[in-house]
K.L.:
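Below you'll find the structure I mean.
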Amino acid sequence: MERSMGMGFFDTLGETLASTSKVVGNKTKEAAGTAKLSLQISQEEARLKKAYEALGEVYFKNHEDDMPEQYAVYAADIRESAARLESLTKDKQILKNQKRCTSCGAWIPNEDRFCGKCGAENEILVKESETEEMEPEAAKDTKQAEAAETERTENIEKTE
């Protein structure tokens with residue numbers, strides 16, 4: 001009798017382990033399936049976003065001059081942002097002592113006579129420390145503000 005009770009316990013234990021392993025296996029498959037679908041959803045959302053952006057860019061470029069009024073605010077934002085981006089990029093390249101190739105527009109070092117991209121000959125520019133013309137607009141604005149502040153301080157001191 002003891003033997004049958006002992007076997008019953010092991011039989012029950014075996015059934016419990018088998019049942020539990022099936023549940024764990026199913027949960028693992030479910031989690032893997034969910035993760036795979038989440039990744040696919042994320043990738044598809046990214047593709048959709050890129051498609052919308054591409055469509056918007058193409059539409060803007062093709063209708064910039066005859067933009068419907070309902071899109072005018074977006075068009076103005078795009079123009080302003082593009083101008084700021086161009087200015088900031090130019091300032092960065094100036095700080096890096098680079099210039100645009102006169103032929104292809106690629107950024108090349110100021111001291112290079114020939115463009116590494118298209119081979120066109122370009123003027124050699126002097127380093128930024130040698131000329132104020134090479135300073136970024138932000139640096140010019142800062143120097144002008146500092147000069148105005150110095151002048152204002154000197155005027156205040158003279159009146160006291």
K.L.:
Determine whether Cys118 and Cys101 satisfy the following criterion, side chain to side chain contact (heavy atoms under 4.5 Å, CB included), listing intermediate values before the conclusion.
P.N.:
CA-CA 9 Å; Cys118 71; Cys101 171; 3.7 Å; yes
K.L.:
Enter the distance from Lys117:NZ to Ser103:OG here, rounded to the nearest 0.5 Å.
P.N.:
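Answer rounded to 0.5 Å: 10.0 Å.
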K.L.:
Go through the steps to decide whether Leu37 and Gln40 satisfy the test side chain to side chain contact (heavy atoms under 4.5 Å, CB included), and finish with yes or no.
P.N.:
CA-CA 5 Å; Leu37 287 173; Gln40 289 173 336; 3.4 Å; yes
K.L.:
Other residues, nucleotides and ligands only: do more than 12 of their heavy atoms fall within 6.0 Å of CD on Glu123?
P.N.:
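At most 12 heavy atoms, drawn from other residues, nucleotides or ligands, come within 6.0 Å of this atom.
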K.L.:
With sequence neighbours excluded, tell me which residues meet salt bridge (Lys or Arg N to Asp or Glu O under 4.0 Å) with Glu44.
P.N.:
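Residues passing salt bridge (Lys or Arg N to Asp or Glu O under 4.0 Å) with Glu44: Arg47.
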K.L.:
Considering only NZ, NE, NH1 and NH2 on the basic side and carboxylate oxygens on the acidic side, decide whether Arg79 and Glu64 come within less than 4.0 Å.
P.N.:
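Result for this pair is yes, salt bridge flagged.
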K.L.:
Can you confirm whether Lys92 sits close enough to Thr89 that some side-chain heavy atom of one is under 4.5 Å from a side-chain heavy atom of the other?
P.N.:
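With C-beta onward as the side chain, the pair stays apart.
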K.L.:
Can you check whether Thr102's main-chain N or O pairs, donor with acceptor, with Asn122's side chain at less than 3.5 Å?
P.N.:
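Judged by distance alone, yes, a pair lies under 3.5 Å.
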K.L.:
Say whether, by atom type as modelled, one donor and one acceptor occur between the side chain of Ser19 and the main chain of Glu15 under 3.5 angstrom.
P.N.:
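Side chain of Ser19 to backbone of Glu15: no pair is present.
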K.L.:
Using 4.0 Å as the upper bound for N to carboxylate O, is an ion pair formed by Glu86 and Arg100?
P.N.:
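Result for this pair is yes, salt bridge flagged.
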K.L.:
Tell me if the CD atom of Glu69 is crowded by more than 12 foreign heavy atoms within 6.0 Å.
P.N.:
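Count not over threshold, so no.
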K.L.:
Has Lys99 got a side-chain atom pairing as donor or acceptor with Asn110's backbone, closer than 3.5 angstrom?
P.N.:
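Indeed, once roles are kept as given, a pair shorter than 3.5 Å links the two residues.
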K.L.:
Which hydrophobic side chains are connected to Ile78, either touching it within the sub-4.5 Å cutoff or through other members that do?
P.N.:
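Besides Ile78, the hydrophobic cluster comprises Tyr59, Phe60, Met67, Tyr71, Val73, Tyr74, listed by chain and residue number.
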K.L.:
Rounded to the nearest 0.5 Å, how far apart are CD1 of Ile41 and CD of Glu45?
P.N.:
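Ile41 atom CD1 to Glu45 atom CD measures 7.0 Å (nearest 0.5 Å).
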K.L.:
Could you give the distance from OG1 (Thr34) to CD (Glu30), rounded to the nearest 0.5 Å?
P.N.:
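Separation between the atoms: 5.5 Å.
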K.L.:
Can any side-chain N or O of Ser81 pair as donor or acceptor with the backbone N or O of Asp77 at less than 3.5 Å?
P.N.:
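No, because the side chain of Ser81 does not come within donor-acceptor range (under 3.5 Å) of the backbone of Asp77.
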K.L.:
Give the minimum heavy-atom separation between Trp107 and Lys90, together with the two atoms involved.
P.N.:
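Closest approach of Trp107 to Lys90, heavy atoms only: CH2-CA, 3.8 Å.
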K.L.:
Is Thr28 reaching over with its side chain to a backbone N or O of Val24, donor-acceptor style, under 3.5 angstrom?
P.N.:
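Yes.
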K.L.:
Would the distance check show the side chain of Lys36 and the main-chain N or O of Ala31 forming a donor-acceptor pair, the cut-off being under 3.5 Å?
P.N.:
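Between the backbone of Ala31 and the side chain of Lys36 there is no qualifying donor-acceptor contact (under 3.5 Å).
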K.L.:
Taking the side chain from Asp112 and the backbone from Ile108, do they hold a donor-acceptor pair closer than 3.5 Å?
P.N.:
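Side chain of Asp112 to backbone of Ile108: no pair is present.
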K.L.:
Could you tell me which residues satisfy salt bridge (Lys or Arg N to Asp or Glu O under 4.0 Å) with Lys61, sequence neighbours excluded, listed by chain and number?
P.N.:
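Partners of Lys61 by the salt bridge (Lys or Arg N to Asp or Glu O under 4.0 Å) criterion, ordered by chain and then number, come out as Glu57.
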